[in-house]
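The structure under discussion appears below in the form of structure tokens.
Every chain is numbered from 1 and lettered A, B, ... according to where its sequence line falls, protein lines coming before strand lines.
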2 protein chains.
Amino acid sequence: MTQKPGSIHISCQNCGISQLCLPYTLDTNSLNRLDAIIERKRPYQKGDTLFSNGEPLHSLFAVRSGSFKTFNVDNNGNEQITSFHLPGDLIGFTSIANETYQGYSEALETSMVCEIPFNHLESLSRQLPALHKQILKLMSEEIKQDQHLLSAVNSKSAESRLATFFLELSSRFMIRGLSPSEFRLSMTRNEIGNYLGITVETVSRILSRFQKEKWLKVEGRFIHILDEHSLKRISGVQAVNCPLKTVNY
Amino acid sequence: MTQKPGSIHISCQNCGISQLCLPYTLDTNSLNRLDAIIERKRPYQKGDTLFSNGEPLHSLFAVRSGSFKTFNVDNNGNEQITSFHLPGDLIGFTSIANETYQGYSEALETSMVCEIPFNHLESLSRQLPALHKQILKLMSEEIKQDQHLLSAVNSKSAESRLATFFLELSSRFMIRGLSPSEFRLSMTRNEIGNYLGITVETVSRILSRFQKEKWLKVEGRFIHILDEHSLKRISGVQAVNCPLKTVNY
DNA sequence: CGTGCAATTGACGTGGCTCAAGTGGTGTGG
DNA sequence: CCACACCACTTGAGCCACGTCAATTGCACG
């Protein structure tokens, strides 16, 4: 989530996060062909938009550095954030169905992206089974993540939503080779609350509570996770391979 | 959502919902090849499971008739329903990432499915661009739908969640050529509440309120939408091509 | 006809929203 | 370098929507 000012000519080959991204499992030849269709442009500044709702879909975007939020706007003009994107994430899968961009995507800080023209990607993926598979996998991941968020949001208490949120972020940082216990948030409390369906004030109060419990240390945007276990306990969600018990939902 | 007892040998060719499903845009030859890999088995009875969490992914499932719910189970053994599936829906996209089934999928009523071995589908889709495209499209749709649900659930009030739920169902029935204003729910109030993150009692109370307002007629599982416009008004979500306004979220 | 689950309705308590005030950090212009 | 404005964030007070608990009714099925 820190800015990584890089030169304009960078290839997938020497990209530090390629194992999270489309190149995963691609051999050198395939990688070069993928690389050839990717456009890398100058950095996006905080607040710049990748796309706006309704525009025709031309490219997917892979985050190289920095971070983005995507959100929809409802009848009343209210934002509803549907995801935060970190380096290695692909943005735009929701837009494939209609071939127009769904919602808005906006940089949360200075960020770099790789732009992948969708038509080229589609035809290339027909020639490269590994690429094809990786696209399916990334889309599948996104569905999983959305459903995970849904569970978090549906598990009533604001405490468990926030705990889940931080654990989620933590594991995403870990996968990216960053510290899972200390990180800087690129989003405001407001945006966190929006994402989780709670108000800023509640976010703030619960952060204070977590801090009092010594589960977290909070210094503005800096988060230090002190007691992952307690957070997991109250987060309640995401047990993998959990045996099906008699439920009273 | 009504049971449609069919013979065992049915092809995509004469399937009434093929335009919602994988066959969409496939020519006759392609259709036959797809048809050849699909297995059609005897009906699932209410409560039968398509798959359980952690099992190796072998097939995707297309709902032919009836309906299913998919859900996860958290640490405390609580169900969290992530989607209801109607005829034409594909089930199993979340499971592609890990190649093991994510969560559980269970019939809500007597239902028929087409079982599509994943390996075969994958190799076939490399040969048939139209099939490939349709898979992407369906996955993209699923992501969109999840995010739509998320918006509904995050839009605080229980009223707007329920309104959104019924409008969503209504439009899904309409797409399927069924009445958008009169339909039968195959899920319990409990399951609706679970899905939307509210309690049974609240579902029940709000249904009574909607009925008092003459927006709906409710007779047990039968729903009759009387005033779609009012429901849309309080649902608040899903404005397509809505201009971005100054927001105070 | 009895058993059991689904649904409704009421009474009550509370978590989180709303409104409001205050603090701190950052950028801008004098 | 300070003064000011602006925004993100925190904290408090009060209130209400919704969760919890409990009782009742209705419907399906053996």
Side-chain angles (χ1 to χ4, degrees), chain A residues 45-47 69 76 78-79 81 108-110 152-165 184-212 216-223 234 236 246-249, chain B residues 3 45-47 69 76 78-81 106 108-110 152-163 165-166 184-213 216-223 234 236 246-249:
Chain A
Q45 298 302 322
K46 175 175 172 157
K69 64 173 173 182
N76 314 315
N78 298 316
E79 258 185 60
I81 297 174
L108 292 173
E109 58 193 318
T110 307
V153 165
N154 264 358
S155 66
K156 295 147 295 217
S157 97
E159 278 199 351
S160 59
R161 296 185 202 197
L162 261 177
T164 307
F165 177 73
R184 190 187 153 277
L185 302 172
S186 60
M187 64 292 281
T188 66
R189 305 277 195 270
N190 229 322
E191 287 164 333
I192 296 173
N194 179 295
Y195 182 65
L196 297 174
I198 53 186
T199 58
V200 210
E201 294 94 329
T202 303
V203 172
S204 192
R205 271 185 260 272
I206 288 178
L207 281 183
S208 303
R209 209 181 301 164
F210 281 179
Q211 224 172 169
K212 203 175 292 168
L216 290 180
K217 203 170 80 187
V218 182
E219 286 171 333
R221 298 278 182 101
F222 274 96
I223 301 292
I234 68 154
T246 323
V247 286
N248 60 331
Y249 50 94
Chain B
Q3 180 186 354
Q45 297 303 322
K46 175 177 173 154
K69 63 173 174 182
N76 313 316
N78 297 316
E79 260 186 57
Q80 169 58 55
I81 298 174
E106 192 181 307
L108 292 174
E109 58 193 316
T110 307
V153 165
N154 264 358
S155 65
K156 295 150 294 223
S157 97
E159 279 197 350
S160 58
R161 297 185 202 196
L162 261 177
F165 177 73
F166 286 118
R184 191 187 151 276
L185 302 171
S186 60
M187 65 291 282
T188 66
R189 304 281 194 268
N190 229 322
E191 287 164 334
I192 296 172
N194 179 295
Y195 181 66
L196 297 175
I198 53 186
T199 59
V200 210
E201 293 92 331
T202 302
V203 172
S204 194
R205 272 185 260 271
I206 289 179
L207 281 183
S208 302
R209 209 179 304 163
F210 282 178
Q211 225 172 167
K212 204 175 293 169
E213 301 280 354
L216 290 181
K217 204 171 79 185
V218 182
E219 285 172 336
R221 299 279 182 99
F222 274 96
I223 300 292
I234 68 153
T246 322
V247 287
N248 61 332
Y249 49 95

Exercise. Apply side chain to side chain contact (heavy atoms under 4.5 Å, CB included) to A/S157 and list each qualifying residue two or more places apart in sequence or on a separate chain.
Key: A/E159, A/S160

Quiz item: Just checking A/R221: base, sugar-phosphate only, or nothing, at a heavy-atom cut-off of under 4.0 Å?
Solution: sugar-phosphate

Self-check item: Heavy-atom side-chain contact between B/M187 and B/I81 under 4.5 Å
Solution: no

Quiz item: Checking all strands, does B/G197 fall into the base, sugar-phosphate, or nothing category for heavy-atom contacts under 4.0 angstrom?
Solution: sugar-phosphate

Considering only nitrogen or oxygen atoms on both sides, find all protein atoms under 3.5 Å from nucleotides 10-14 of chain D and state each distance.
residue : atom : partner : partner atom : Å
D/dT10  : OP1  : A/R189  : NH2          : 3.3
D/dT10  : OP2  : A/R189  : NE           : 3.0
D/dT10  : OP2  : A/S204  : OG           : 2.7
D/dT10  : O5'  : A/S204  : OG           : 2.9
D/dT11  : OP2  : A/S208  : OG           : 2.5
D/dG12  : N7   : A/R205  : NH1          : 2.7
D/dG12  : O6   : A/R205  : NH2          : 3.3

Practice problem: Starting at OG1 of A/T188, measure out to CD of A/E191 and round the result to the nearest 0.5 Å. | Solution: 3.5 Å

Quiz item: Taking the side chain as C-beta and beyond, is there a heavy-atom pair between A/I192 and A/L162 under 4.5 Å?
Solution: yes

Quiz item: Does A/R189 reach the main-chain N or O of A/V203 with its side chain, forming a donor-acceptor pair under 3.5 Å?
Solution: no

Quiz item: What bend angle does the helix from C/dC1-D/dG30 to C/dG30-D/dC1 show across its length, from five-pair end axes and to the nearest 10 degrees?
Solution: 40°

Self-check item: Atom pair distance, as rounded to whole Å: CD in B/E159 and C1' in D/dA17
Solution: 10 Å

Self-check item: From B/Q80 atom CD to B/N194 atom CG, the distance as rounded to the nearest 0.5 Å
Solution: 5.0 Å

Self-check item: Interatomic spacing from CZ in B/R161 to CG in A/N154 - rounded to 0.5 Å
Solution: 6.5 Å

Quiz item: Partners of B/F166 by ring pair (Phe, Tyr, Trp, His ring centres under 6.0 Å), sequence neighbours excluded?
Solution: none

Close N or O pairs between protein and nucleotides 25-27 of chain D (under 3.5 Å):
none

Exercise. Grab the CG-P distance between A/L108 and D/dA8 for me, whole Å please.
Key: 13 Å

Quiz item: With B/S204, which residues qualify under side chain to side chain contact (heavy atoms under 4.5 Å, CB included), at least two apart?
Solution: none

Self-check item: Distance, rounded to the nearest Å, where B/E109 contributes CD and D/dA28 contributes P
Solution: 15 Å

Exercise. Could you tell me which residues satisfy salt bridge (Lys or Arg N to Asp or Glu O under 4.0 Å) with A/R221, sequence neighbours excluded, listed by chain and number?
Key: none

Quiz item: Taking CG from A/N194 and C1' from D/dC9, how many angstroms apart are they, rounded to a whole number?
Solution: 17 Å

Self-check item: Gap between atoms CD1 and P, on A/I198 and D/dC18 respectively (whole Å)
Solution: 16 Å

Quiz prompt | ring pair (Phe, Tyr, Trp, His ring centres under 6.0 Å) partners of A/F210, counting only residues at least two apart | solution = A/W215

Practice problem: Rounded off to whole Å, could you give me the CD1-to-C1' distance for the A/I192 and D/dA8 pair? | Solution: 12 Å

Quiz prompt | Interface limits on DNA chain C, where chain B has a heavy atom under 4.0 Å of a nucleotide atom | solution = C/dA6 to C/dA11

Quiz item: With sequence neighbours excluded, what pairs up with B/Q45 under the side-chain hydrogen bond (donor to acceptor under 3.5 Å, both in side chains) test?
Solution: B/T110

Exercise. Sequence neighbours left out, what passes side chain to side chain contact (heavy atoms under 4.5 Å, CB included) with B/K217? Give chain and number order.
Key: B/Q211, B/E219, B/H224, B/L226

